[in-house]
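Counting starts at 1 for both ligands and their atoms, following the listed order. All heavy atoms count here, side chains included; hydrogens, waters and symmetry mates do not.
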Amino acid sequence: MAAQSKLMPDRDKVKKLVSVYTAHRPLIQRVLLFGFVAHILTTTYLGFNSKSGSSKSSKKDKGKGKATEASNGKKQRVAIDAAFYQRLSTILRIVIPSLRSKEALLLVMHSSLLILRTVISLYVAALDGRIVASLVRAQPIPFLLNILRWLLVAIPATWTNSWLSYIQNKLALAYRTRLTNEVMKQYLGEDKQAHDIKILYKLSNLDDRIKNPDQMITHDIQRFSTHLAAIYANVAKPILDMILYNYQLAQSVGAEGLFGLTFAVQASAALLRALTPQFGMYTAVSAQLSGNLRHTHSRLAEFAEEIAFFGGEHTEKMLVEREYAGFVQHESKVLQKAWWHGCVEEGIIKWLWGSFGLCICAIPVFFKIPGVHSADLGGRTEGFVTNRRLLLSASDAFGRVMYSYKELSELAGYTARVAQLLETMSDVRKGKFEKALVSGAATEENAKILRGRGVIIESDEIEFESVPIVTPNGDILVRSLSFYVKPRQHLLIVGPNGCGKSSLFRILGGLWPVYGGIVRKPPASQFILIPQRPYLSLGTLRDQVIYPHSAEDMEARNVTDDDLLAILSVVQMDQIVEREGGWDAARDWRDALSGGDQQKIAWARLFYHRPKYAVLDEATSLVPLDMEGRMMEYAAKLGITLLTVSHRPSLWRYHSMILQYDGQGGYVFTKLDAEKRLALQQEKEALETKLLEVPKMRARLAELQGLQSGQL
Ligand SMILES: Nc1ncnc2c1ncn2[C@@H]1O[C@H](COP(=O)(O)OP(=O)(O)OP(=O)(O)O)[C@@H](O)[C@H]1O
């Protein structure tokens with residue numbers, strides 16, 4: 001009796017607690033639901049900002065040395081971390097430049113359609129329950145009416161889905177266009193006046209970070225845009241869905257059950273996340289390896305003739321196979337990781353969470369929920385079917401948030417690649433280069449030269465005052481070079497191979513930085529370069545002569561096709577117009593013209609543009625001597641001052657100054673007396689020929705002496 005009387009107050013306490021709970025249940029429900037929404041948003045945010053992801057990746061990077069690696073050996077970490085969000089926000093400002101932009105409008109349309117789809121799904125869940133309930137209650141009229149509603153709701157449902165995929169693809173295309181335009185603006189210059197920066201050349205020659213810009217501009221930007229457009233639907237929409245479906249579900253199963261479910265799901269989700277491999281890093285490495293492979297193949301196509309003549313197919317095959325093997329090895333590793341991750345993922349998301357869900361749907365069937373009226377069999381079935389559908393949608397939404405983590409990792413990979421391209425171009429634009437320097441650059445004296453910067457002054461004449469000639473690798477070819485070229489004082493540049501003759505032109509053309517001294521020169525637009533193998537663009541015959549002008553530019557200069565024909569007749573190429581089918585004929589001119597004809601077309605281009613200075617780098621090596629003289633004289637007649645690199649003595653007489661490198665870092669700059677030099681050259685050659693005869697004469701002498709002694 002005593003023990004019973006002791007228990008009584010406890011029982012009273014519990015009863016009191018239950019009655020307080022029942023009385024305040026609406027408030028408790030609201031607090032729980034609010035807590036639920038806050039919890040979902042916080043955990044999702046923390047999940048996408050997971051520090052563990054980044055630290056894990058850096059540990060792995062150290063262990064296996066696998067992160068995206070620029071060719072200068074620097075590794076770039078790819079994870080969903082602060083760096084990723086920072087890169088992404090920079091790119092987002094490019095792809096969605098303002099709230100009034102087309103992309104922002106598409107995003108608003110996309111969001112509205114996503115919400116509409118969720119609303120339709122909620123309605124369909126309730127309708128499904130009602131259809132099953134009318135079946136269980138054997139009520140044909142409500143059943144038919146509900147089927148009619150089902151058919152009617154199918155119209156906006158299908159319409160919404162088609163629109164969603166259409167707008168998502170449009171969004172991806174719009175992002176790609178914005179990003180490509182921005183990159184092209186930096187890569188090839190914004191307008192015709194902006195080509196002085198020469199990012200195109202500097203990116204691959206003065207900097208090591210970007211190995212294959214073609215792959216980045218075409219493939220990586222496309223993948224990035226597609227992922228970015230999809231990530232919005234895959235992250236924002238599932239989060240919204242999760243909140244709405246669960247809210248609806250809580251109305252019938254109680255927020256307590258929902259909270260329990262959320263706790264169990266979050267715990268297993270944390271486990272899944274911990275087991276998720278670094279897909280972002282793998283994506284970036286994949287893109288890099290496939291870019292290398294593509295580059296190796298494009299070299300094959302470009303140098304097909306040279307390789308075929310050398311019989312270098314076997315060596316090239318080995319090179320391609322090595323690249324391919326590296327790519328396949330990486331892809332196989334990723335596939336294996338994706339395989340077991342897929343198993344764990346499906347086990348947890350589909351099956352474990354499915355069982356949790358069924359238990360939740362059973363709550364109103366087995367327990368009396370305070371404040372909810374008991375239902376008949378039909379009502380219970382309706383509740384169960386609706387709840388189950390809501391639950392399936394909610395768990396599907398949660399699953400998509402989990403999967404989107406993987407997608408987000410991939411997006412991080414492409415974001416890293418695109419951001420690297422943009423950052424490197426911006427650095428190159430500012431003159432900041434990252435390049436592995438050769439050992440010679442390590443000496444203190446060389447390093448000092450490399451740290452310095454010279455002055456460039458715009459002028460009508462060309463003058464170098466104590467300018468070092470330094471290669472992008474940090475090799476110093478000439479420590480201090482001084483010379484000048486006045487208009488019509490043609491300069492000949494000679495010296496052994498690799499001594500820096502063409503490098504001088506790269507400094508003049510603004511391709512290489514000036515590391516010291518003073519350079520006075522006209523803007524790069526006042527120079528025209530004719531290399532040994534001239535560049536022929538894609539386009540018509542006319543385009544080859546007027547490159548880089550367009551037909552409109554030519555018209556604006558009042559130059560007609562007849563004028564072009566007259567220019568071609570100077571180089572004896574006028575018959576080509578008829579032969580190739582007129583000025584508008586388009587071909588691959590590198591194949592259609594012989595080497596000599598290509599050089600002549602380049603000279604015709606020079607005569608069309610009539611710049612102040614022409615830079616000729618072995619530009620007459622493939623044309624006959626009489627044609628060479630004709631072209632040089634015509635250029636001089638047009639008032640073009642020539643800076644010529646050539647080993648042909650026949651060219652000396654067209655120049656008045658000479659810059660002669662000795663190949664050891666020294667040089668002589670002096671007046672060129674062509675006749676005297678030619679006489680000296682002829683005397684030297686005559687002596688050399690005579691000297692060649694000496695061994696023969698000695699042998700003959702010995703023979704004669706032998707004969708003579710035999711006779712005696
Ligand atoms: N983009 C580059 N990156 C690194 N080094 C370079 C680059 N271009 C040229 N060089 C180096 O600069 C040096 C000089 O080259 P340059 O083309 O000026 O020689 P050159 O005197 O014209 O020789 P040649 O008569 O054989 O054409 C060479 O050692 C070359 O390897």
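- Here D460 pairs with K612 under the salt bridge (Lys or Arg N to Asp or Glu O under 4.0 Å) rule; sequence neighbours left out.
- Annotation: side-chain contact (heavy atoms from CB on, under 4.5 Å) contacts of E463 (sequence neighbours excluded): E465, Y484, R520.
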Pairs under 3.5 angstrom, nitrogen or oxygen on both sides, ligand 1 versus protein: list them out, please.
residue, atom, partner, partner atom, Å
ligand 1, 1 (N), N205, OD1, 2.9
ligand 1, 17 (O), R506, NH1, 3.4
ligand 1, 17 (O), R506, NH2, 3.4
ligand 1, 18 (O), S502, N, 3.3
ligand 1, 18 (O), S503, N, 2.9
ligand 1, 18 (O), S503, OG, 2.5
ligand 1, 21 (O), C499, N, 3.2
ligand 1, 21 (O), G500, N, 3.0
ligand 1, 21 (O), K501, N, 2.9
ligand 1, 21 (O), K501, NZ, 3.2
ligand 1, 22 (O), S502, N, 3.0
ligand 1, 22 (O), S502, OG, 2.7
ligand 1, 23 (O), G498, N, 2.8
ligand 1, 25 (O), N497, ND2, 3.2
ligand 1, 25 (O), K501, NZ, 2.7
ligand 1, 26 (O), N497, ND2, 3.0

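- Salt-bridge check for R299 with E302: failed, with every basic side-chain N at 4.0 Å or more from each acidic carboxylate O.
- Under the 3.5 Å distance criterion, with hydrogens and angles disregarded, a donor-acceptor pair is assigned to the side chains of D543 and T540.
- Not counting sequence neighbours, the partners of Q532 by the side-chain hydrogen bond (donor to acceptor under 3.5 Å, both in side chains) test are S621.
- Salt-bridge formation is detected for the pair D597/K600: a Lys NZ or Arg NE/NH1/NH2 atom is positioned less than 4.0 Å from an Asp or Glu carboxylate oxygen.
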